[in-house]
Amino acid sequence: MALSFCGSEININAYSVHNGVLNNGCFVDALNLVPHVFLLFITFPILFIVLFIYWVLAFITKSIKLWKYVQFNVGPQHLRFCITALLVILYGLLMAVEVNVIRVRKYVFFANPQKVKPPEDLQDLGVRFLQPFVNLLSKATYWWMNPLIIGAHKRPIELKKIGKLPIAMRALTNYLRLKDAYEDQRTAVDPDRAPSIWRSMYRAFGRPILLSSTFRYLADLLGFAGPLCISGIVKYLKVEKDTTLDKDTLGTHFDVHFMSSSKLLQNTSVLAVLLFLALILQRTFLQASYYVTIETGINLRGALLAMIYNKILRLSTSNMSMGEMTLGQINNLVAIETNQLMWFLFLCPNLWAMPVQIVMGVILLYYLLGWSALVGASVIVLLAPLQYLIATKLADTQKVSLEHSTDRLKKTTEILKGIKLLKLYAWENIFCDSVEETRGKELTSLRTFALYTSLSIFMNAAIPIAAVLATFVMHHFINETGPTPSEAFAALSLFHILVTPLFLLSTVVRFAVKALVSVQKLGEFLQSDEIGDDSWRNGDMSASFEPGKKHLGVTKAINRKQPMRYQMDHYEQPTRRQTRPTETEDVAVKVSNGFFTWGSNLSTLSDINIRIPTGQLTMVVGQVGCGKSSLLLAMLGEMQTIDGRVYWSNKNRYSVAYAAQKSWLLNATVEENITFGSPFSKQRYKAVIDACSLQPDIDLLPFGDQTDIGERDDPFSALDIHLSDHLMQEGILKFLQDDKRTVVLVTHKLQYLIHADWIIAMKDGSILREGTLKDIQTHDVELYDHWKTLMNRQDQELEKDIQQDSQTMLERKTLRRAFYSREAKNQIDDEDEEEEVEDEEDDDMSSTTNRRSEIPWKACWCYMSSGGFLMCFLMVFCKLLKHSVIVAIDYWLALWTSRKPSMISVFQHIPPTLESLTRSTLLCLSAIGVISSITPFFLVALLPLAITFYFIQKYFRVASKDLQDLDDSTQLPLLCHFSETAEGLTTIRAFRHEARFKQRMLELTDTNNTAYLFLSAANRWLEVRTDYLGAVIVLTAAGASIWSYGLQSVGLVGLGLTYALTVTNYLNWVVRNLADLEVQMSAVKKVNSFLSTESENYEGFMDGSQVPENWPHNGEIKIHDLCVRYDPMLKPVLKHVNIYIEPGQKVGICGRTGSGKSSLSLAFFNMVDMFEGKIVIDGIDISKLPLQTLRSRLSIILQDPVLFSGSIRFNLDPERTCTDDRLWEALEIAQLKNMVKALPGGLDAVVTEGGENFSVGQRQLFCLARAFVRNSSILIMDEATASIDMATENILQKVVMTAFADRTVVTIAHRVSSILDADKVLVFSSGILVENDSGPNLLTQEGSLFSVLHRVHTILKADVVIVMKRGNILEYDKPEILLEQEDGMFASFVKADM
């Protein structure tokens, strides 16, 4: 027993107890068995008491042992002392934890013990994210993710699989934490002082960041174990073979032998195991640090999103309308600034981990190489500012590139919104050139960015090379010899570790700067003006609000210990104030001495004194820009009040519905847009659908009222404006008025004034007259006569769409089906594919799995080839050459350090971090190749390692793709919700649906955060396994090197271990890059699909030079047997049309909805498929002309006015071919000259996106001026008066009759009365031209369709209708009342005529 701890055959004194029991080594060792024996034989039923006694006994016995070691001079130099000291610390910590559990839980020892319940999250079966609740081992290895990742191979991961977030991670919980930290900074001394967002973030999320930093410290310190262990293995490998264990080398204390710690660390096998354990622990702590920071960053992002959303709902309307806060800025806050702060939080631990890495690296280098190492460290420090400068330039260039990219996307979005106008005016090249110019600037900045990126990569590689060169040269001069293999490879690894934080420094600084900018923007947004409290509807709204004054919302306290679902009803509810009982209930709303503004010092509305009667229909009328819509918003509390009061009665203050002038839809189904959060009542829902005449259009949608629509996808935008009369009759007069609703209607249709119970007339922001129609007729004869003149020019058009076949609404149905048929087909195809996959899955699961795990090599090839085959070849060749040279240099280094004494410059490969798939793969392959060539025995273990790696990457890529898709698919609805909320802010606040929209935002945020957290956990799952696999590779390589030592030099052993260490760093990036490649290639597929879409044939059959410059000079139009369709798969919308239009004629086109009149206007511009017949203009067949030539010679005014961001000059003349005089003349004709002159800049005045800084009527007049500027002999007006008031329509009609007197004008009629004076009237029905004559002639033809339409609408204008038969009066009432009687004779007459 030469190595017995308790004596030997020779020395029996170790068993003696003459000097005391505790002075006997054997007894001290045996004493440590006491707690284990106690645990073995105890049968006490309460486990925690057993554990407590066990920890106490273990702590006492180990402490006694440690005390005796110290007493007998056994210290840290002995292995057993170190192990015992660690166990004392461990048992002490476990004992303290057990005491704390007993104290908190108040177990048996207390009078009222606390009942132990599982976490509330685990009681909710919907919570699937289990990281906070699993045991320590599962936390470290993400073992709980195995079912999800492995199950993804059988069936795609869906939202229901990932469930809900734990309560502590939900957006509401984190919002309240951040909100409290933010509001706690407000003081009574300085209430207007802006709280610090940085301080709020620290108070709310500082603890997890400190925890993450602790993990990072441990990981960084363990990271130095790799180079030191490799150095030890290389150093002691040869010595170990020649050394045998000698008894004299062992220390003996109280007759017990002790092995020294240094002796243990000189054993290469022990060093190999320590290297393996250090790698396992280092990667475990590193992944834990990553996870904690990512979780904290996601929590911060959720809190910020909730804070931003809460601010949006209180945002002053003037901020949006005056351009101080644009939708784009809000979207940037949501999509960019919150992510910048999240990513900065991800990198935060690097800020304080980097100094530790640098200091430790320098100390170890000094330990290895002495003073020469400080020279190399000085080189790194001296070159660091240059690297920082390059990184700063890189960040600046990236910022410039992002600005150009944002500008390009903005322009592209505007082009897509106004694409119809651009094509009709042949402005594609102008706007395309603008986009390409911006793209050129973007490419220039991208090239500069690529240059600085290359310099940064070069510096990252050059700095350690320069440091190594300086160090080894200095080492040679000082010691007159080169470094040993152990010193060389350890130094190279340490220099790599030393350079890494300096390289990351530039990245961290970049994100820190971005975070500072983001916090500044966020702070400015949170301090922007608000609309104030909820008093506007509570009977009293004081006028004390000052322009620009900020009003703070009040947050109700929420019990954060309960789940979010129990607290949502109380989340940020606005305050309520008691109603003043002074107002009578016959007035719903009253405004007294009101002066309102949109944020400027000037009043938009002045001296407003009005009352809105309860239960009656009030109409607000006036010219364009007189303040009608502003009056409504002032009553709703959306405008800033300078003076005056707004009173709301008790009955009306909590029940308000608001329909804005600009349509606003949610990204939801038709049904959800109609119910808008109200409880679903089938009977009421059907009544609303009928009142709004929506059923015919719902029937056309592919999935009925369950079809998803959105803010930019409005299938109802093409509804015929004639239905407004139906909405008036059925929706307002019948549905609302019969229910005694208080209705305030802002309208420019003066023919509806006969239905008004109360009228408010406005002019120039003031009240011109208020009262009933009879009062105004009596007291303001001039105003009444003016109205009567305007009303006589209007035509009551009432269309009752009773025939639901394709002939009565062909055009509308065709247009919608052309869009939705493809959507429905694609969805059906997708469903069929899913069913097919499911069937095949049942038959052959492996084939389905293989298809889902395939890499899109075809898309990769398409992407690579788009850059040019030469560039691809050069890229691959250079990378192969680079890695070949690196391997050759490292191989030479290994041989040189083993044999040659001379000093030559050394180039050490420093593997770059986060590289592309090719680079990561080449690094791993080269490392495995080097290890295999040095130690061929490694190939035996390579096969099982490769199989393990294959299955890890196979399972991960499938799950990662699904989770990435979920993250993307859940992020878009969240961003859209913010966007649509900002656009519909007034509507949401008017309906008092803030709480519902907040809850929806929180749900969307939590859903997106759940997907992101699972994706992050999946990445950690991968990295832990690949890191552990890399550690096994290192252990295998070390074991093979030790076992086969003698077949190669120690330098080559060091080379192999160094390369094995790099595999650990880059193995997971091979898989991550493969997974990212799959996701990114889907975008390539979409781009390829878009590029393969067939475009219009712009060339034509004639050369543009063959067309006379002044064509068309006369305006003569001949249409021969024209047939038109929208798609070869659809039916014709125009059938064999023959028309002749003389030069200068004014032609009106009318017909029922879907008759084909708008299709004819598109045919003039060759926008549809004219598969038969032709259109000849001034002797030239337009189908033969180049599209650019044709469309640039015609003018059109569309129903929806389109303006682009820029200047007024750009919107009138984007080609910049007209003089200022010509532009002013056009504005004068459109009666806009005085208004434009008053604007700052005149013709160069700013037009915001979509022309939102002008009213709809003003925008249409700008479009009229634009048509005049073009000076074409042919003008097409496609229902140009459909969305403007009568006054604006009168201006437009007057201009057409005067300024366009010598031009051919084709008018698609919105009102039949507008074409009575036309030279020729064309009447269409179901795509067929049925009548062609002048208006008066058609009216004289009793059986003509035109006369029927006119006759019906003339009767409908009457105050009273009398229906007689054989001298008897059968029906007598207002026409709208008689129409409601569907079985009545009058209704039958109208239906028959319509």
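Predicted model, so just to flag it, every value in this text is computed and none were measured.
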> Does F285 offer a backbone N or O that forms a donor-acceptor pair with the side chain of S289 under 3.5 Å?
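No, the answer is negative, given that no donor and acceptor are paired below the 3.5 Å cut-off.
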> For the side chain of S969 and the backbone of D965, is there at least one donor-acceptor N/O pair under 3.5 Å apart?
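Indeed, once roles are kept as given, a pair shorter than 3.5 Å links the two residues.
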> Charged N to carboxylate O under 4.0 angstrom, E436 versus R439?
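R439 and E436: not salt-bridged.
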> Examine distances only and state if a side-chain atom of R989 and a backbone atom of L313 form a donor-acceptor pair shorter than 3.5 Å.
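The answer is yes, because a donor-acceptor pair under 3.5 Å joins these two groups.
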> Taking side chain as C-beta onward, heavy atoms only, is M1001 less than 4.5 Å from I312?
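Of all side-chain heavy-atom pairs linking I312 with M1001, none is under 4.5 Å.
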> Any carboxylate oxygen within less than 4.0 angstrom of a Lys/Arg side-chain nitrogen, looking at K998 and E994?
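No, K998 and E994 are not salt-bridged.
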> Does E530 form a side-chain contact (heavy atoms from CB on, under 4.5 Å) with K311? I'd like the steps, not just the answer.
CA-CA 8 Å; E530 299 179 2; K311 180 67 179 184; 2.6 Å; yes
> With a 3.5 Å cut-off and no angle check, do the side chains of N350 and R216 form a donor-acceptor pair?
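Present: a donor and an acceptor within the cut-off.
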> Give a yes or no answer on whether the side chain of R170 reaches the backbone of D1006 with a donor-acceptor pair at less than 3.5 Å.
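Not a single qualifying donor-acceptor pair exists.
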> With F344, which residues qualify under ring-ring contact (aromatic ring centres under 6.0 Å, His included), at least two apart?
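Listed in chain order: W198.
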> On the 0 to 90° scale, with breaks at 30° and 60°, tag the F1014-F129 ring pair as parallel, tilted or perpendicular.
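Geometry flag for F129 against F1014: perpendicular rings.
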> Should L159 and L966 be marked as a side-chain contact (heavy atoms from CB on, under 4.5 Å) after you check the CA-CA gap, both sets of side-chain angles, and the distance that decides it?
CA-CA 7 Å; L159 281 176; L966 284 180; 4.0 Å; yes
> Kindly say whether A335 contributes a backbone atom to a donor-acceptor pair with the side chain of N339 at under 3.5 angstrom?
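Such a contact is found between N339 side chain and A335 backbone.
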> For A1017, is there any backbone N or O sitting under 3.5 Å from a side-chain donor or acceptor partner on Q131?
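Between the backbone of A1017 and the side chain of Q131 there is no qualifying donor-acceptor contact (under 3.5 Å).
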> Hey, does the side chain of T1248 reach the backbone of N1253 with a donor-acceptor pair shorter than 3.5 angstrom?
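Yes; judged by distance alone, with no hydrogens or angles, the pair exists.
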> Tell me, with the steps shown, if I294 and Y1012 meet side-chain contact (heavy atoms from CB on, under 4.5 Å).
CA-CA 9 Å; I294 290 174; Y1012 195 96; 4.2 Å; yes
> Any sub-3.5 Å donor-acceptor pair from N1008's side-chain atoms to D967's backbone N or O?
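Such a contact is found between N1008 side chain and D967 backbone.
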> Step by step, work out the salt bridge (charged side-chain N to carboxylate O under 4.0 Å, His left out) result for K521 and E524.
CA-CA 5 Å; K521 292 180 180 179; E524 293 173 355; over 6 Å; no
> Could you tell me whether E1023 and R283 make a salt bridge, using a distance below 4.0 angstrom between a side-chain N and a carboxylate O?
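Result for this pair is no, no salt bridge flagged.
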> Mind running side-chain contact (heavy atoms from CB on, under 4.5 Å) on L305 and V334 for me, showing each step along the way?
CA-CA 7 Å; L305 289 176; V334 174; 3.6 Å; yes
> For I167, is there any backbone N or O sitting under 3.5 Å from a side-chain donor or acceptor partner on T173?
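Yes.
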> Parallel under 30°, tilted from 30 to 60°, perpendicular over 60°: which one fits the rings of F997 and H977?
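F997 and H977: parallel rings.
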> Have Q185 and S200 got a donor and an acceptor in their side chains that come within less than 3.5 Å?
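Distance-only check passes for Q185 and S200.
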> Taking L443's backbone N and O only, do any of them form a donor-acceptor pair with H404's side chain (distance below 3.5 Å, no angle check)?
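Checked: no pair found.
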